[in-house]
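All chains are named by letter (A, B, ...) in the order of the sequence lines, taking the proteins before the strands, and each is independently numbered beginning at 1. In this text the structure is predicted, and so the values were computed from the model without any measurement.
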Number of protein chains: 2
Amino acid sequence: MRIRIGDVAQDDVARVAGVSQKTVSRVLNNEPNVRAKTREKVLAAVQSLQYHPNLSARSLASNRSFLVALLYDNPSQSYVMETLTGVLDACEPRNFGMMVKPLDSNAPDIAERTMSLVHKRRPDGLILTPPLTECGELLRTLKDRGIPFSCVLPHDPAENIGVTMDESAAACEITSYLVELGHRRIAHVTGRMSHSAAKWRLDGYREGLRLAGIRYHTSLVVQGQFTFSSGVMAARTLFASRKRPTAIFAANDEMATGVMWEAAHHGLMVPNDISVCGFDDSPMAEQVWPPLTTVRQPNRDMGRIAADQLLNTLEGGEGHMRTVPYTLCKRESTDSIVA
Amino acid sequence: MRIRIGDVAQDDVARVAGVSQKTVSRVLNNEPNVRAKTREKVLAAVQSLQYHPNLSARSLASNRSFLVALLYDNPSQSYVMETLTGVLDACEPRNFGMMVKPLDSNAPDIAERTMSLVHKRRPDGLILTPPLTECGELLRTLKDRGIPFSCVLPHDPAENIGVTMDESAAACEITSYLVELGHRRIAHVTGRMSHSAAKWRLDGYREGLRLAGIRYHTSLVVQGQFTFSSGVMAARTLFASRKRPTAIFAANDEMATGVMWEAAHHGLMVPNDISVCGFDDSPMAEQVWPPLTTVRQPNRDMGRIAADQLLNTLEGGEGHMRTVPYTLCKRESTDSIVA
DNA sequence: CTGAAAGCGCTTACAG
DNA sequence: CTGAAAGCGCTTACAG
């Protein structure tokens with residue numbers, strides 16, 4: 001039981017077109033030095049025979065797989081799906097395939113596991129997403145072995161190709177927005193602090209306070225883990241404090257949703273009793289009540305751009321580190337303090 | 001710029017092991033007729049040389065790709081991710097790779113698009129997820145051309161291999177649960193009626209009513225689209241009716257969340273003013289307030305099982321249609337009517 | 001139980 | 001601008 005394709009080979013196309021196999025190959029690969037007339041004949045034969053190149057043969061001969069691998073270790077299913085879709089957006093028109101590989105960023109042998117994938121499937125390059133981009137050992141291994149890769153939001157954008165976003169500026173902006181609404185006791189629920197994103201967002205929060213002349217209080221900062229339940233826990237801590245904040249900025253939407261969940265559980269109305277905002281603009285941001293004020297990170301675009309940078313280098317061009325803009329999404333979960 | 005592997009070939013292993021290349025191939029493919037001693041020698045050589053087989057060469061020679069393609073057209077990112085993860089669970093240990101392919105189930109040329117993928121990437125088989133399993137033309141094309149495929153929740157389980165679940169029974173059970181809680185005016189928000197799942201769930205709802213001796217009222221059934229916003233709209237319709245239902249069973253969690261959203265918007269308390277339940281047990285079910293009563297569909301398991309059935313047939317074994325059990329998840333979004 | 005030969009369908013390297 | 005030859009690293013089909 002096996003898929004059998006027409007089994008038309010370049011050979012057959014060549015015969016029909018009245019040229020050599022090599023010429024068919026040239027046309028198919030858009031190589032120069034083919035007369036327009038010859039090209040046409042070949043293309044016509046390809047068409048009439050319904051010829052489809054055999055990628056295995058091409059890979060074997062050229063020692064390339066025309067495959068990229070997307071590596072991830074992110075609890076957010078929507079994040080991974082958006083990124084994956086973006087990578088596919090980039091791969092499709094350039095005739096590359098994509099493999100996906102979930103990895104545990106805390107595994108001590110993560111570099112070996114990655115190399116095992118590289119040996120088995122031989123992707124031409126890799127795309128790393130946070131928090132895998134934080135694994136120094138992994139990045140070093142890939143660089144040492146000369147394996148091309150591209151990063152989404154790496155710790156050090158200057159040293160990699162891929163895509164990044166000014167998360168600190170975004171976090172600063174959303175904090176400033178809370179200030180504009182009249183809030184002064186603004187709490188922050190951080191992400192897992194080993195992730196750069198958590199640091200960037202905390203930095204932005206502090207900068208937002210500084211710009212408004214509001215003192216930074218560690219009592220208003222609670223550590224989360226980027227998960228829903230850590231948002232619930234953080235909110236519990238904050239609600240128990242003597243002087244409750246009037247607004248909470250959670251470092252991602254998942255935690256912000258947890259904060260809202262706990263607020264409801266605690267009998268607090270959002271935004272009347274407390275304003276809540278998040279970060280990412282994941283689908284849930286619009287599906288909770290009230291809709292969540294957040295920062296939109298264009299994950300699909302970022303996946304596409306990261307993949308494009310990688311493909312550029314694979315095709316002999318140049319890969320860069322691109323920066324995408326963010327958008328502040330003002331919704332109903334935040335309100336003016338003197339409503 | 002290209003990944004270069006050690007480039008150890010079977011040839012090299014054969015030389016080191018002191019056997020022929022064919023024997024190395026036999027050992028690697030677990031073929032019979034190799035002396036234990038010989039096998040050991042080969043394995044030792046493989047180990048010492050860090051040999052990794054070249055899949056392209058293997059594919060070219062054997063005319064198999066060792067690849068399956070997961071086809072989807074589902075708006076729920078968590079659904080796709082869970083299924084994909086399940087498929088990966090099955091592929092990993094059997095050394096198959098997975099491609100993913102988003103498709104538009106409404107495209108008139110869906111069969112051609114699929115065949116185009118088949119011609120380009122030559123997967124050994126396909127895995128179809130709803131609603132692609134509803135595309136008669138696609139299924140027919142695949143069968144006609146002898147392309148192996150496996151289905152998740154196909155319209156007609158008896159005619160395919162893969163995995164299914166008794167959705168009607170599950171819908172009946174959750175309806176009965178509402179009845180147990182004392183509800184009699186129970187509304188249903190259907191999914192997109194062209195999907196079998198929508199029909200099965202509606203059937204189960206009707207059966208649940210019938211078992212309780214409650215008459216079926218079309219005024220209590222509103223058409224949705226399986227989307228969040230269609231849930232919002234449906235709730236709006238139901239809340240506007242003269243006699244509001246005391247409970248709403250939405251055909252999936254996405255719509256149930258929309259119903260809850262609209263309830264909040266409308267100033268109705270869940271579950272005090274109205275009970276709401278869904279179907280799927282997607283991650284959001286536990287993240288909304290109050291947590292959503294729903295039916296758990298084990299999507300990851302289903303992905304794994306569907307893939308396993310396909311791989312069985314690809315490896316010369318038998319593929320079956322498996323049935324997985326569901327679980328009723330009782331949470332706080334539903335309550336007794338005389339609380 | 002083992003091996004020598006041919007061939008899968010391409011690209012590379014070279015020649016003209 | 002075009003082509004003949006060799007070879008990529010495996011498996012298949014056959015022989016012993």
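Of all nucleotides listed (D:dC1, C:dG9, D:dT11), D:dC1 comes nearest to the side chain of A:Arg35. Nearest nucleotide to the side chain of A:Ala61, out of C:dG3, C:dT2, C:dT11: C:dT11. Out of D:dG9, C:dT11, D:dG3, the shortest distance to the side chain of A:Gln10 is found at C:dT11.
Distance B:Asn54 CG to C:dG9 P: 17 Å, rounded to the nearest Å. Following rounding to the nearest Å, A:Gln21 (CD) and D:dG3 (P) show an atom-to-atom distance of 11 Å. In this structure, A:Arg15 atom CZ and C:dC10 atom P are separated by 12 Å, rounded to whole Å. Atom CG of A:Asn33 is separated from atom C1' of C:dC14 by 15 Å (rounded to the nearest Å). Atom pair A:His52:NE2 and C:dC8:P shows a separation of 20 Å (rounding to whole Å applied). Rounded to a whole Å, the CG atom of A:Asn29 is 16 Å from the C1' atom of D:dT2. If you take NZ of B:Lys22 and P of C:dG7, they are 17 Å apart, rounded to a whole angstrom. Across the protein-nucleic acid pair, A:Leu49 atom CG and C:dG9 atom P stand 14 Å apart, rounded to whole Å.
Checking the phosphate oxygens (OP1, OP2) of D:dT11, no side-chain nitrogen or oxygen of B:Ser62 falls inside 4.0 Å. Between B:Ser25 and D:dT11 there is a side-chain polar atom (N or O) within less than 4.0 angstrom of OP1 or OP2.
The neighbour count for B:Glu159 CD, taken as heavy atoms of other residues, nucleotides or ligands under 6.0 Å away, does not exceed 12.
Comparing B:Ser56 and B:Arg26 by the nucleotide of DNA chain D that holds the closest heavy atom to each, the one mapping nearer the 5' end is B:Ser56. Residues B:Thr23 and B:Leu60 each lie close to DNA chain C; by heavy-atom proximity, the contact nearer the 5' end of the strand is made by B:Thr23.
Side chain to side chain, B:Glu134 and B:Ser105 fail the donor-acceptor criterion of an N or O pair below 3.5 Å. Side-chain contact check for A:Ser56 and A:Ser59: no donor-acceptor pair (N or O, by modelled atom type) lies under 3.5 Å. Donor-acceptor pairing under 3.5 Å is lacking for the side chains of B:Arg304 and B:Asn299. Judged by distance alone, the side chains of B:Thr313 and B:Glu318 never bring a donor and an acceptor atom under 3.5 Å apart.
When heavy atoms are screened at a 4.0 angstrom cut-off, A:Asp11 is found touching no nucleic acid atom at all. As judged by a 4.0 angstrom heavy-atom cut-off over every strand, B:Pro32 is placed among residues making no nucleic acid contact. Looking at heavy-atom distances under 4.0 Å, B:Thr38 makes contact with sugar-phosphate atoms alone, never a base.
Base pairing of D:dC14: its partner is C:dG3, meeting the Watson-Crick or G-U wobble criterion (both donor-acceptor distances under 3.5 Å).
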